[in-house]
Amino acid sequence: MTKLRLAIVGAGPAGIYAADILLKAERNFEVSIDLFDHLPAPYGLVRYGVAPDHPRIKGIINALRDVLDRGDIRLFGNVRYGTDITLHDLKKHYNAVIFATGAVHDANLPIPGIELEGSYGAARFVSWFDGHPDVPRTWPLEAQSVAVIGNGNVALDVSRMLAKHADDLLPTEIPANVYEGLKASPVTDVHVFGRRGPTSVKFTPLELRELGELNDVDIIVHDEDFDYDDAARAAVASNKQVFVIDKVLNQWRKRETGKASRRLHLHFFARPVEVTDDGNGHVGGFRYERTAPDGHGGVVGTGEIRELPIQAIYRAVGYYGSSLPGVPFDKKRGVIPNREGQVLWKGEPGFESSTASQQMYGVYATGWIKRGPVGLIGHTKSDAMETVRHLINDVGNWWRPEAPDEQSIVDLLEARGVEYTNLHGWHRLDQHELALGAEQGRVRVKVVPRHDMVEVSRANVPAEL
Ligand SMILES: Cc1cc2nc3c(=O)[nH]c(=O)nc-3n(C[C@H](O)[C@H](O)[C@H](O)COP(=O)(O)OP(=O)(O)OC[C@H]3O[C@@H](n4cnc5c(N)ncnc54)[C@H](O)[C@@H]3O)c2cc1C
């Protein structure tokens, strides 16, 4: 019987679902899966993206853990594809690879002043408050007035985390340094800006409604943004989600405000124009152009420029994937070019193209690096089903590795001095974090520095932890 030795790079939901689906799939060959991640902990953005005050979503980790704990997938944490292992290595040891490396970087917002000090990408801030080991441990929270650009759920997460009182976050798994940073924040006003109107937002109703429940935070909306045109009225009438969002926002228009110590302002019909300098190379203000409905669900500029004094700005305008050595990359979309998960290339070296069209045998993609950084965790399951279906059907085109035995990749990592962690190590780290949390009456206290994560996982727990 044929055996598929499969490498999956990326232990986020997409990679774990792909492993699960393959193991459960109807097939006439055996499977052995090695799952690599450059972080010492699995679960990708569920651990390092989903906001800490969303325990229900974080709970998806329990389902992902069940997959890993079944015992038929080997986890190699703290192993970075591109430096610790290469495509050449994978070809030597496996029949195929699925890349499930997601997207962690901020998309660009090309306006003057965006590079000023005090201007941040939402992705890095999210990584900070979720305790990602590769971002600085301190975050400059010195602004009283902050702008957040974007009308999607990440913009809501960032605004909520900035506006919420740190003590209301304490029962969650936020790391100690994040609690301390937020506790000292002088913020009083968070302004969220969207280019289009209230009926065109990408917020989900649940996340939007949550803003209205924040302790000691007023939600401010402006009557001028609710002068709907026919297209907006039609959207409210025909789309349940838009209907609920419109209802929530209209309830806030009637609310009494003025007693809370912090405010979260929602500004619509505002096109970013410029981040202005305070004279010292730091963010001093945000200039935007008022837009108006164009009658077809879009907007046009009105020429009216407004400016708001702020001391920090966060752009939450989307994520962007990273290119991987040896693997084609579509720079425009920030994804690996693929057809239903089968990776495509031009067929020759130097492939950085959006017009790749030949299948690169043995190489597959799933999740955000396949589809782009949109959609919920559940969508990565359908991604994985599609990719795995092709992997199974492509059996005649898999690589023929010269060293397919399971020990040889372990020998390679050890020979290179890679301090890889495994599933037992992750269990140790997980238990350690839960125990730290229990001591303080909290869900969990995350270990943040990579070195400490590796030490705990590899059973060398430093005394101070
Ligand atoms: C701020 C934020 C909040 C979100 N909130 C929600 C929510 O509330 N509900 C919801 O359903 N969805 C939410 N999402 C979306 C959800 O996180 C994604 O749909 C999902 O995580 C995408 O899965 P993925 O496996 O493709 O990528 P990821 O989760 O990013 O996993 C990719 C994995 O690949 C690893 N990796 C990357 N490069 C390498 C490399 N070179 N070598 C080895 N490993 C590598 C990474 O370490 C990571 O573990 C949120 C997303 C963000 C950004």
Side-chain angles (χ1 to χ4, degrees), residues 7-19 34-61 63-64 75-87 90 97-107 121-130 132-134 150 152-161 203-204 206-207 210 314 316-327 329 334-336 341 365-384 387 418 420 426 450:
I8 298 179
V9 181
I16 295 178
Y17 283 138
D34 289 345
L35 181 57
F36 296 92
D37 204 291
H38 80 94
L39 291 170
Y43 312 134
L45 282 172
V46 188
R47 181 171 157 103
Y48 289 117
V50 171
D53 59 346
H54 283 172
R56 195 179 56 81
I57 309 292
K58 291 269 188 207
I60 291 174
I61 282 178
L64 299 175
L75 177 68
F76 292 91
N78 205 33
V79 179
R80 180 182 282 276
Y81 171 85
T83 48
D84 299 323
I85 47 165
T86 64
L87 193 63
L90 295 179
V97 56
I98 299 180
F99 287 102
T101 48
V104 285
H105 296 297
D106 283 289
R124 277 188 76 72
F125 182 56
V126 167
S127 293
W128 174 74
F129 69 58
D130 253 340
H132 194 293
D134 298 340
N153 280 347
V154 176
L156 289 189
D157 283 347
V158 165
S159 325
R160 195 179 66 252
M161 289 298 289
F203 310 141
T204 47
L206 201 66
E207 288 239 347
E210 191 185 351
Y314 292 75
V317 293
Y319 276 55
Y320 187 81
S322 301
S323 66
L324 299 163
V327 183
F329 189 62
V335 299
I336 298 176
T366 194
W368 273 18
I369 196 64
K370 164 187 176 185
R371 183 170 36 85
V374 283
L376 298 175
I377 295 161
H379 295 125
T380 64
K381 207 178 221 174
S382 32
D383 276 341
T387 298
V418 179
Y420 64 90
W426 161 241
R450 181 182 284 266

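Start at 1 and go down the list; that is how both ligands and their atoms are numbered. One is the number of the first residue; the rest follow in order along the sequence. Source: prediction; values computed, not measured.
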Enumerated ligand 1 atoms positioned under 4.0 Å from heavy atoms of [X]:
X: Asp157; value: 3 (C)
X: Gly10; value: 33 (C), 34 (O), 35 (C)
X: Leu324; value: 41 (N)
X: Gly49; value: 1 (C), 2 (C), 3 (C)
X: Val9; value: 42 (N), 43 (C)
X: Gly367; value: 26 (O)
X: Gly44; value: 29 (O), 31 (O), 48 (C), 49 (O)

Could you tell me whether [X] approaches ligand 1 through its side chain, its backbone, both or neither, with non-hydrogen atoms closer than 4.0 Å?
X: Tyr319; value: side chain
X: Asn153; value: neither
X: Thr380; value: side chain
X: Ile369; value: neither
X: Val154; value: side chain
X: Val126; value: side chain

Around [atom], find the nearest protein heavy atom and jot down its residue, atom name and distance.
atom: atom 35 (C) of ligand 1; value: Asp37 OD2, 3.3 Å
atom: atom 9 (N) of ligand 1; value: Ile57 CG2, 3.4 Å
atom: atom 11 (O) of ligand 1; value: Ile377 N, 2.9 Å
atom: atom 27 (O) of ligand 1; value: Gly102 CA, 3.4 Å
atom: atom 6 (C) of ligand 1; value: Val50 CG2, 3.7 Å
atom: atom 41 (N) of ligand 1; value: Tyr81 O, 3.2 Å
atom: atom 24 (P) of ligand 1; value: Ala14 CB, 3.8 Å
atom: atom 32 (C) of ligand 1; value: Ala100 O, 3.3 Å

Val79 to ligand 1, any heavy atom closer than 4.0 Å: yes
Any Pro13 heavy atom less than 4.0 Å to ligand 1: yes
[X] side chain to [Y] backbone, donor-acceptor under 3.5 Å:
X: Asp383; Y: Thr366; answer: no
X: Tyr81; Y: His38; answer: no
X: Asp34; Y: Phe76; answer: no

Kindly confirm or rule out an N or O of [X] lying under 3.5 angstrom from an N or O of ligand 1.
X: Leu45; answer: yes
X: Gly375; answer: yes
X: Arg80; answer: no
X: Gly15; answer: no
X: His38; answer: yes
X: His54; answer: no
X: Trp368; answer: yes
X: Leu39; answer: no

Heavy-atom protein neighbour under 4.0 angstrom from atom 2 (C) of ligand 1: yes
Heavy-atom protein contact below 4.0 Å for atom 14 (N) of ligand 1: no
What is the minimum heavy-atom distance between [X] and [Y], and which atoms define it?
X: Val126; Y: Tyr48; answer: CG1-O, 3.9 Å
X: Ala107; Y: Val317; answer: O-CG2, 3.8 Å
X: Gly321; Y: Phe329; answer: O-CZ, 3.4 Å
X: Lys58; Y: Val50; answer: NZ-O, 2.7 Å
X: Leu75; Y: Ala11; answer: CD1-CB, 4.1 Å
X: Arg80; Y: Asp134; answer: NH2-OD2, 4.3 Å

Test log, rule side-chain contact (heavy atoms from CB on, under 4.5 Å), inputs His132 and Leu39: CA-CA 9 Å; His132 194 293; Leu39 291 170; 3.8 Å; yes
Side chain to side chain contact (heavy atoms under 4.5 Å, CB included), paired with Lys370, selected from Thr387, Thr101, Ile336: Thr387
Minimum side-chain heavy-atom gap Leu90-Ile85 below 4.5 Å: yes
Heavy-atom side-chain proximity of Val374 to Tyr319 below 4.5 angstrom: no
Gap between atom CD1 of Ile98 and atom CD1 of Ile369 - 0.5 Å precision: 14.0 Å
Steps toward side-chain contact (heavy atoms from CB on, under 4.5 Å) verdict (Leu87, Phe99): CA-CA 11 Å; Leu87 193 63; Phe99 287 102; 4.2 Å; yes
Parallel, tilted or perpendicular, as decided by the 30° and 60° cut-offs, for the rings of Phe129 and Phe125: perpendicular
Trace of the side-chain contact (heavy atoms from CB on, under 4.5 Å) decision for Tyr320 with Asp106: CA-CA 6 Å; Tyr320 187 81; Asp106 283 289; over 6 Å; no
side-chain contact (heavy atoms from CB on, under 4.5 Å) between Arg56 and Leu206, intermediate numbers included: CA-CA 12 Å; Arg56 195 179 56 81; Leu206 201 66; 3.7 Å; yes
